Amino acid sequence: LGDELKCSTPRAQRTGSTTHWKDVYMGLAEMLSPADGPVQERCDYDLVTPLALLFYYAVLYAPHFPPGSDLLLKAASIYHSFLTWPVPYCDIFRELLTFISDELKAPGISFQRLVRTEQGLPVKNCQSSTVTVLLLNRSEVQSEFLSIAEKLSASEHPRHATLVLLLEHLYQATFGTCCDLGSLHHLLKSKTLEELSEIYTSAADAQEIAAASSDPALAREQLQAVLRDIAGAASFPAIAGEAQPRKLHTVPIPAARCYTYSWDQDNFGKRRGPPSLL
């Protein structure tokens with residue numbers, strides 16, 4: 001996002017035709033606000049899910065929220081009023097409130113969980129994984145689509161690169177510009193896969209423990225302490241005590257691992273032909 005962005009939210013209408021990119025988060029939330037949001041004012045069910053998803057992905061891609069920022073707390077106070085709406089809308093905002101709660105205690109944890117599950121990287125406290133499968137009937141699918149599907153299933157993000165990406169994101173989300181991301185990147189690339197796996201497992205476990213805490217401030221403090229200890233033991237670049245004049249970097253989400261199965265080659269666990277005689 002640039003420094004300014006055209007935005008027709010209630011806040012933008014009150015303050016002018018443009019708004020700083022940091023206001024985009026609250027702009028999305030305000031559109032759902034009971035006070036002046038068009039969604040609640042008109043009970044516009046069609047806008048609820050798209051705006052909730054926009055806010056979710058805006059936060060998911062945010063490099064870092066400063067410790068003193070109240071954006072997520074304000075959004076939570078707005079979204080709480082939607083718990084009285086009918087199903088499935090109340091369920092959407094219940095999940096969104098859980099998402100915000102986790103982010104307040106362990107910044108960036110939702111990004112970490114998403115990439116981890118899509119890449120099949122379980123850790124001790126979170127063993128689930130997501131497998132993306134394309135079931136194709138070659139006689140009914142265009143050749144161009146088949147070519148793309150085969151490329152997707154053949155490509156796989158290298159595990160070493162995935163761990164480097166996850167550790168960079170984790171430390172930037174937690175420490176912001178206090179962390180020298182450029183120096184950290186070069187050091188992580190020099191580590192072996194075994195070293196990265198051990199470091200990441202410890203860091204991810206610390207995040208999951210923080211997310212399970214009931215006190216957001218204490219959870220963040222303890223998480224930072226553990227991550228500093230991990231950084232010291234791994235000889236990471238020193239983490240500054242105050243924000244430094246560096247740029248934050250948006251970390252991209254790698255493409256999910258994908259598997260392709262031909263419809264005429266998979267029997268979904270059923271036997272073909274007569275059963276064998278035992």
Side-chain angles (χ1 to χ4, degrees), residues 52-53 55-65 72 94-134 152-176 179 181 184-185 187-213 216 219-220 222-231 233-234 236 248-260:
L53 286 173
F55 182 83
Y56 168 79
Y57 280 104
V59 174
L60 189 71
Y61 276 95
H64 173 70
F65 282 97
L72 293 179
R94 187 174 292 109
E95 291 183 12
L96 198 57
L97 287 169
T98 300
F99 161 73
I100 292 173
S101 175
D102 288 345
E103 290 294 323
L104 287 169
K105 292 179 285 189
I109 191 169
S110 302
F111 179 103
Q112 296 285 319
R113 287 170 172 170
L114 176 64
V115 175
R116 209 161 52 221
T117 56
E118 289 187 341
Q119 299 298 322
L121 295 173
V123 294
K124 294 178 183 177
N125 292 327
C126 187
Q127 294 293 334
S128 64
S129 62
T130 299
V131 178
T132 302
V133 180
L134 297 177
L152 283 173
S153 61
S155 62
E156 181 178 336
H157 201 259
R159 181 154 297 198
H160 188 280
T162 300
L163 291 173
V164 169
L165 178 146
L166 286 171
L167 283 166
E168 288 176 358
H169 175 272
L170 194 155
Y171 272 86
Q172 180 177 243
T174 304
F175 297 104
C179 175
L181 202 64
L184 178 61
H185 175 77
L187 188 141
L188 290 173
K189 286 183 66 176
S190 67
K191 299 281 187 183
T192 66
L193 179 59
E194 291 73 21
E195 289 173 326
L196 286 177
S197 297
E198 183 177 350
I199 294 169
Y200 181 71
T201 297
S202 300
D205 284 346
Q207 257 199 336
E208 292 295 335
I209 292 171
S213 173
R220 288 196 304 271
Q222 292 177 341
L223 175 60
Q224 288 183 359
V226 173
L227 292 180
R228 286 181 184 275
D229 290 342
I230 293 172
F236 285 3
L248 293 170
H249 299 274
T250 301
V251 179
I253 297 177
R257 296 179 64 183
C258 180
Y259 302 88
T260 302

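These figures come from a predicted structure and were not determined experimentally.
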> Roughly how far, to the nearest 0.5 Å, is CG of Leu163 from CG of Leu121?
Replying inline: 6.0 Å
> His160 side chain to Lys191 main-chain N or O, any donor-acceptor pair under 3.5 Å?
Replying inline: yes
> Within the side chain of Gln119, is there an N or O that forms a donor-acceptor pair under 3.5 Å with the backbone of Leu114?
Replying inline: no
>> Which label fits His169 and Phe111: parallel for a plane angle under 30°, tilted from 30 to 60°, or perpendicular past 60°?
In response: parallel
> If you round to the nearest 0.5 Å, how far is CD of Gln207 from CG of Leu227?
Replying inline: 7.0 Å
>> Contact between Tyr61 and Ile253 at the side-chain level, heavy atoms closer than 4.5 Å - yes or no?
In response: yes
>> Let me confirm one number: the CZ-CZ distance from Arg228 to Phe175, rounded to the nearest 0.5 Å.
In response: 5.0 Å
> Taking Tyr200 as the fixed residue, which of Thr162, Ile230, Leu170, Val164 is the one that meets the side chain to side chain contact (heavy atoms under 4.5 Å, CB included) rule?
Replying inline: Leu170
> At what distance, to the nearest 0.5 angstrom, does CG of Leu165 lie from CD of Gln112?
Replying inline: 8.5 Å
> Can you tell me if CD on Glu198 sees more than 12 non-hydrogen neighbours from other groups inside 6.0 Å?
Replying inline: no
> At their closest point, which heavy atom of Ala206 faces which heavy atom of Val226, and how far apart are they?
Replying inline: CB-CG1, 3.6 Å
> In Å and rounded to the nearest 0.5 Å, what is the CD to CG distance from Glu168 to Leu184?
Replying inline: 6.0 Å
> How many angstroms lie between atom OG1 of Thr174 and atom CZ of Arg220, to the nearest 0.5 angstrom?
Replying inline: 10.5 Å
>> Using side-chain heavy atoms (C-beta onward) and a distance below 4.5 Å, is Phe65 in contact with Leu104?
In response: no
> Just by distance, do the side chain of Thr117 and the backbone of Arg113 share a donor-acceptor pair under 3.5 Å?
Replying inline: yes
> Between Leu181 and Tyr171, does a side chain to side chain contact (heavy atoms under 4.5 Å, CB included) hold up when you go through it step by step?
Replying inline: CA-CA 8 Å; Leu181 202 64; Tyr171 272 86; 5.8 Å; no
> Any sub-3.5 Å donor-acceptor pair from Thr98's side-chain atoms to Arg94's backbone N or O?
Replying inline: yes
